[in-house]
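What follows is one structure encoded as structure tokens, with my remarks underneath.
Note that the structure is predicted; figures quoted are calculated from it, not measured.
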Amino acid sequence: MKKRFHIAVFVSMVSLWACNNRPEIIIFPSLKKAALTEFGIADVVVWPDNLMIIGESIILYDPYTEWVFKIFSKEGFEYKDNLLRRGRGPDEEVNVTPFSRSYGEDAFLFQGTSSLKVAHIQYADNELNLVYRKELALPATMYNDYDFFLLNDKLCSANTYRRVTRDFRCSALGTDSVFEWGELTPLQRPKSLAPEQSFFIAKYPAVHPGGDLIAVVFQDLPILRIYDSQSGKVLHELHMADGSDNENFLESRIFDEGFITYYWNIRSTSDYIYALYRGTVMSSREDVASVVHVWKWDGTAVMSIELNRAIYSFDVTPDNKQIIASSIVDVDKLFVAEIPWD
């Protein structure tokens, strides 16, 4: 009888410890709604996988057409041109990943087959041209990494299929040295895993325009981390929901129909971080989510915006006034919502 009592007390203490050590769930102080207005665009896009606002242009990445980038005007969404042909010829790329990002005010960074390129769109004589400002060769061991960003002295990837323990893999510019950087990933791999098995948690990074901060959200966990880009230390870690069910799936490596997709995309301006949030199980071919989470760069939760329809990719104007979005269901449309600050 005493033995059963002691076991019951022990189990209760362990359960209490686990509950007390669960991270605090952050509640947004403001829940707002915003209506997306749709605009028809030229029928040139098959799958608008990634949308970027670069200067006065909207750039859509399309993985299923001969041309990688479709260019539209930011005002009125007039179709301008295709840029970057797929192929092995001069000025062509065999493979371009969908994880392009803005770089400065009028340029963007994209990953080709074996290098990163920084490009901007040049308007001249009624023609558009892709002009390269720099090209950075990738170390061979990073060819299968993706979602890269540049810091002052290194290039880093947010995702890799290699076995890692920290959030990023980086390489010092001009070298082939590759090293892990940042904090330990939110969940460490079970010790029972064989060395060749990976423990993969997809994530999406955004670099502050000043280059001093990095925000990262996780597809499989409801977590935002904000990094100091010099030290590689996490300044703020916010848990936006109870992700314990997904944690169990990840640790056991047994995934069922209840596995939840949390974050899908991230964008930022000088003032705010924006991330597309789902928080439910996702089907294979559908727009991802209709909720956008907003934080300040100091980790303050600002608001959760509920849109009137789901979207797939989005960006935010630098003045924080509008969300511009795309859909893989309505591929012949773009969508605009005013950000509800009032």
Side-chain angles (χ1 to χ4, degrees), residues 34-87 89 91-103 106-113 117 119-123 126-132 146-147 204 219 261 264-267 274-276 278 282-290 292 307-318 322-337:
L36 288 161
T37 302
E38 65 179 48
F39 295 85
I41 60 173
D43 186 17
V44 295
V45 181
V46 174
W47 188 282
D49 199 303
N50 186 54
L51 182 150
M52 296 181 292
I53 301 172
I54 305 296
E56 296 303 312
S57 299
I58 301 293
I59 302 178
L60 291 178
Y61 167 88
D62 192 331
Y64 295 129
T65 57
E66 179 183 3
W67 295 86
V68 177
F69 299 115
K70 315 292 184 177
I71 313 302
F72 298 82
S73 63
K74 190 172 73 171
E75 299 298 328
F77 303 134
E78 178 186 357
Y79 173 63
K80 293 296 187 180
D81 207 348
N82 297 306
L83 291 176
L84 190 58
R85 188 193 299 268
R86 286 186 170 83
D91 300 321
E92 296 179 343
E93 282 284 352
V94 175
N95 181 56
V96 177
T97 72
F99 299 96
S100 308
R101 66 181 65 255
S102 61
Y103 186 85
D106 63 347
F108 64 101
L109 172 75
F110 70 90
Q111 177 185 353
T113 305
K117 294 182 178 180
H120 78 278
I121 299 173
Q122 181 184 73
Y123 292 82
N126 295 320
E127 290 187 355
L128 271 62
N129 295 296
L130 202 59
V131 178
Y132 297 111
Y146 59 94
D147 210 347
Y204 303 95
Q219 180 175 307
T261 295
W264 184 257
N265 206 340
I266 188 171
R267 291 290 186 259
Y274 302 81
L276 189 59
R278 183 177 179 94
M282 190 169 79
S283 300
S284 58
R285 186 186 175 102
E286 64 177 347
D287 288 325
V288 179
S290 58
V292 177
L307 303 172
N308 60 330
R309 61 158 291 157
I311 58 176
Y312 191 81
S313 182
F314 78 103
D315 205 346
V316 177
T317 55
Q322 291 183 326
I323 293 170
I324 300 178
S326 64
S327 161
I328 59 169
V329 175
D330 298 307
V331 299
D332 58 347
K333 297 180 177 67
L334 290 177
F335 304 86
V336 180

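Scanning all heavy atoms of the two residues, the minimum distance from Gln122 to Val131 falls at CB-CG2, 3.6 Å. Closest approach of Leu276 to Val288, counting heavy atoms only: CD2-CB, 4.3 Å. Across Arg267 and Asn50, no two heavy atoms sit closer than the pair NH2-OD1, 2.8 Å. When every heavy atom of Pro63 is checked against every heavy atom of Asp49, the shortest pair comes out as CD-CB, 3.9 Å. Across all their heavy atoms, Gly112 and Glu93 have their closest contact at CA-OE1, 3.6 Å.
Looking only at side-chain heavy atoms (C-beta outward), Ile324 and Ile53 come within less than 4.5 Å of each other. Phe314 is listed as a side-chain neighbour of Asn265, based on a closest heavy-atom distance under 4.5 Å. Between Lys74 and Ser57 the shortest side-chain heavy-atom distance does not fall below 4.5 Å. Two residues are said to be in side-chain contact when any heavy atoms from C-beta on lie closer than 4.5 Å; Leu334 and Ile58 meet this criterion. Taking 4.5 Å as the limit, some side-chain heavy atom of Leu83 sits within range of a side-chain heavy atom of Ile121. Residues Asp147 and Thr97 are not in side-chain contact: their nearest non-hydrogen atoms beyond the backbone lie 4.5 Å or more apart. Met282 has its side chain within reach of Trp264: a pair of non-hydrogen atoms, C-beta onward, lies under 4.5 Å apart. The shortest side-chain heavy-atom distance between Val316 and Gln322 does not fall under the 4.5 Å cut-off.
Going from atom CG of Asp330 over to atom CD1 of Ile311 covers 12.5 Å, rounded to the nearest 0.5 Å. Note that the OH atom of Tyr274 and the CG atom of Asp315 stand 10.0 Å from one another [nearest 0.5 Å]. Here the NE2-OH distance, from His120 to Tyr132, works out to 12.0 Å after rounding to the nearest 0.5 Å. To the nearest 0.5 Å, the span separating OG on Ser102 from CG on Leu109 amounts to 9.5 Å. For the atom pair CD1 of Ile59 and CG of Asp62, the computed distance is 13.5 Å after rounding to the nearest 0.5 Å. With values rounded to the nearest 0.5 angstrom, Met52 atom CE is found 4.5 Å from Ser100 atom OG.
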Residues Val96, Gln111; criterion side chain to side chain contact (heavy atoms under 4.5 Å, CB included); working and verdict = CA-CA 6 Å; Val96 177; Gln111 177 185 353; over 6 Å; no

Audit row: Val336, Phe39, side chain to side chain contact (heavy atoms under 4.5 Å, CB included) steps and yes/no | CA-CA 8 Å; Val336 180; Phe39 295 85; 3.8 Å; yes

Please walk me through it: do Tyr61 and Ser326 pass side-chain hydrogen bond (donor to acceptor under 3.5 Å, both in side chains)?
-> CA-CA 11 Å; Tyr61 167 88; Ser326 64; over 6 Å; no

Just do the side chain to side chain contact (heavy atoms under 4.5 Å, CB included) check on Ile41 and Tyr79 with the steps written out, would you?
-> CA-CA 7 Å; Ile41 60 173; Tyr79 173 63; over 6 Å; no

Between Tyr204 and Gln219, does a side-chain hydrogen bond (donor to acceptor under 3.5 Å, both in side chains) hold up when you go through it step by step?
-> CA-CA 8 Å; Tyr204 303 95; Gln219 180 175 307; 2.5 Å; yes

Assess whether salt bridge (charged side-chain N to carboxylate O under 4.0 Å, His left out) is satisfied between Arg278 and Glu286, documenting all intermediate values.
-> CA-CA 12 Å; Arg278 183 177 179 94; Glu286 64 177 347; 2.9 Å; yes

Applying ring pair (Phe, Tyr, Trp, His ring centres under 6.0 Å), run through Phe77 and Phe72 and close with a yes or a no.
-> CA-CA 5 Å; Phe77 303 134; Phe72 298 82; 7.8 Å; no

Chi angles and distances behind the salt bridge (charged side-chain N to carboxylate O under 4.0 Å, His left out) call for Arg85, Asp91 | CA-CA 8 Å; Arg85 188 193 299 268; Asp91 300 321; over 6 Å; no

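For Lys117 and Phe110, the positive end is not near the middle of the six-membered ring at less than 6.0 Å and at most 45° from its axis. A cation-pi arrangement is absent between Arg101 and Phe108, since the terminal nitrogen or guanidinium carbon is not both under 6.0 Å from the aromatic centre and inside a 45° cone about the axis.
Panel note: side chain Ser313, backbone Leu51; a donor-acceptor pair is recorded below 3.5 Å. A distance-only check finds no donor-acceptor pair linking the side chain of Arg86 to the backbone of Asn95 [under 3.5 Å]. A donor-acceptor pair under 3.5 Å is formed between the side chain of Ser327 and the backbone N or O of Val329.
Relative orientation of the Trp47 and Tyr64 rings is perpendicular, given thresholds of 30° and 60° on the angle between their planes.
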